[in-house]
Structure formats: structure tokens, C-alpha cells
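Working notes, structure below.
Just so it is clear, the values below take in all heavy atoms, side chains as well, and ignore hydrogens, waters and symmetry mates.
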Amino acid sequence: PVRRLVKSFRRGFGDSDHLPKYSLDIISEYVSSFIDSYVPKPKAIIGASAGTFLAVQLARTNHYDTSTAVILIGTILNRGKLKNIKEIYSKVLKVTSSSRLVYKTAELIIKHPYSAYFLEKYVHAYEFNKEVIDLYNMPGRKKANGKSIIQLGASVMGYLMDEKLRTINKNTLLIFG
């Protein structure tokens with residue numbers, strides 16, 4: 001059977017429109033509207049990395065059929081030291097989430113090739129290839145919106161993925177890598 005995969009940019013990323021404010025709830029409403037318009041009966045909702053928060057949020061709050069699967073790739077769970085780090089980082093992001101100086105600083109960091117290299121080599125933990133990062137990763141990073149990065153970061157830092165996963169009544173596949 002033929003399947004269609006539809007991917008959308010989160011608002012404030014890539015060539016998408018910018019919003020006055022960013023949060024998981026706001027982005028969830030936007031994506032839900034997109035799905036209702038273009039893929040009214042999805043077979044699965046797939047989230048990768050930070051997109052796992054959005055996929056779980058959609059599964060928890062929307063009217064999708066219980067046969068709609070949820071596929072989470074690189075899910076960030078709240079365990080041990082990571083939970084403590086997230087709590088501290090969350091407080092910092094909330095305090096700074098309305099600062100233009102912080103937005104501009106975040107943009108400078110995200111758009112710099114060294115931050116891309118660091119993330120790809122040490123955080124995402126797959127084979128590091130500078131040429132591939134320069135070709136595919138940097139063009140999108142150059143369009144980053146600091147406000148969306150900071151405000152969405154503050155929104156998802158308090159998201160307790162472990163607890164939210166227990167509340168969804170859907171087939172769920174977790175892929176760790």
C-alpha cells in the first residue's frame with residue numbers, strides 16, 4: 001500500500017511564519033489545524049527529538065482515532081540527573097523568555113557552525129560529518145528565530161514526558177538512538 005508522509009516546519013523555524021508568542025499549546029493547535037485540513041485521518045503521528053513533545057501533546061489533546069499510532073524518535077525522558085538539569089534550565093528559560101537580547105544571543109549561537117557541530121557530535125550522537133552538516137543542517141539554522149527557540153524551550157522543559165506517555169491510549173513506538 002502507498003502511504004503519504006507529510007512534514008511541516010514548526011512555526012518560527014525554517015521558512016515558516018513567525019508568531020507573537022510560542023508555546024507547546026500554541027504550536028499544538030497550529031499543527032492540529034494543519035492535520036485536520038490536510039491529513040484528516042492520520043495513521044500515525046511521528047515526533048523526533050523535540051518533536052516528541054508535540055506528538056505526545058497532539059495524541060493527548062486531540063480527537064484522533066485510537067488506531068492512530070504515536071511514533072517517538074529520540075524521546076527525552078525525565079530521569080535522574082537529566083530531570084534536575086531540566087528543572088534548572090526551565091527556570092532560566094522562563095526568566096529570560098521575553099528578552100530580546102536573549103533571543104538575539106540564541107540566534108547567534110544556533111546560527112554559528114560550531115554550535116551545530118557540537119550538537120551533532122556530542123548531543124545527537126550519530127556519526128559526525130562536517131560536510132553533511134554544512135550542506136543540510138546549516139541552511140535551516142541560518143533561518144532560526146531566537147524567540148521561538150527560547151519560548152518553546154521554556155514550554156517543553158516542564159513537560160513530564162514519562163507522565164504524559166502514561167495518559168495516552170494509543171499504540172506507541174519509542175525509538176531510541
Side-chain angles (χ1 to χ4, degrees), residues 1-79 82-83 85-87 89-94 97-98 103 106 110 119-120 123-126 136-137 140-141 143-177:
V2 175
R3 298 278 188 242
R4 182 173 63 143
L5 177 65
V6 178
K7 181 194 182 302
S8 69
F9 275 111
R10 289 192 314 245
R11 297 291 287 270
F13 290 82
D15 291 324
S16 69
D17 294 337
H18 297 286
L19 297 172
K21 184 175 178 173
Y22 297 88
S23 74
L24 187 59
D25 290 335
I26 292 169
I27 299 299
S28 178
E29 288 176 26
Y30 164 74
V31 172
S32 180
S33 174
F34 176 86
I35 291 171
D36 290 344
S37 296
Y38 297 100
V39 192
K41 294 183 180 182
K43 298 292 181 205
I45 299 170
I46 303 170
S49 191
T52 61
F53 297 106
L54 180 59
V56 170
Q57 184 75 357
L58 287 167
R60 291 182 63 248
T61 59
N62 291 79
H63 51 272
Y64 304 116
D65 188 305
T66 55
S67 67
T68 301
V70 179
I71 301 170
L72 306 174
I73 303 168
T75 307
I76 301 167
L77 300 173
N78 304 304
R79 302 284 172 152
L82 181 61
K83 185 175 184 178
I85 292 168
K86 281 182 69 174
E87 287 173 5
Y89 189 56
S90 178
K91 288 176 184 174
V92 170
L93 284 176
K94 284 181 181 167
S97 68
S98 60
Y103 301 157
I110 291 298
L119 281 173
E120 300 307 320
V123 177
H124 293 148
Y126 44 79
Y136 296 109
N137 193 313
R141 284 176 165 271
K143 298 177 183 179
N145 174 334
K147 182 178 180 179
S148 68
I149 293 164
I150 297 297
Q151 288 184 351
L152 273 174
S155 178
V156 301
M157 278 299 135
Y159 199 85
L160 300 175
M161 182 65 82
D162 303 42
E163 292 176 14
K164 306 294 185 190
L165 281 170
R166 289 185 191 104
T167 66
I168 60 174
N169 185 23
K170 301 195 182 310
N171 292 326
T172 305
L173 173 63
L174 299 173
I175 301 172
F176 299 98

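Here the rule is side chain to side chain contact (heavy atoms under 4.5 Å, CB included) with L58, and of I45, I27, V70 only I45 fits it. Between T52 and the options I73, I71, L72, a side chain to side chain contact (heavy atoms under 4.5 Å, CB included) holds for only L72.
For the atom pair CD1 (I168) and NZ (K164), the distance works out to 11.5 Å, reported to the nearest 0.5 Å. Atom CG of residue L152 and atom CG of residue L54 lie 9.0 Å apart, to the nearest 0.5 angstrom. The distance from atom NZ of K170 to atom CZ of R60, rounded to the nearest 0.5 Å, is 11.5 Å.
Counting only heavy atoms from C-beta outward, the side chains of T61 and E29 never approach each other to under 4.5 Å.
Applying the side chain to side chain contact (heavy atoms under 4.5 Å, CB included) test to K21 and every residue at least two apart in sequence or in another chain returns I26, Q151. With sequence neighbours excluded, the residues forming a side chain to side chain contact (heavy atoms under 4.5 Å, CB included) with S148 are F13, Y22, N145, listed by chain and number.
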Distance-only criterion, 3.5 Å: show the donor-acceptor pairs between side-chain atoms of residues 37-44 and protein atoms not counting sequence neighbours.
residue : atom : partner : partner atom : Å
S37     : OG   : S33     : O            : 3.0

task: Test K147 against L19 for side chain to side chain contact (heavy atoms under 4.5 Å, CB included), laying out the working first.
output: CA-CA 9 Å; K147 182 178 180 179; L19 297 172; over 6 Å; no
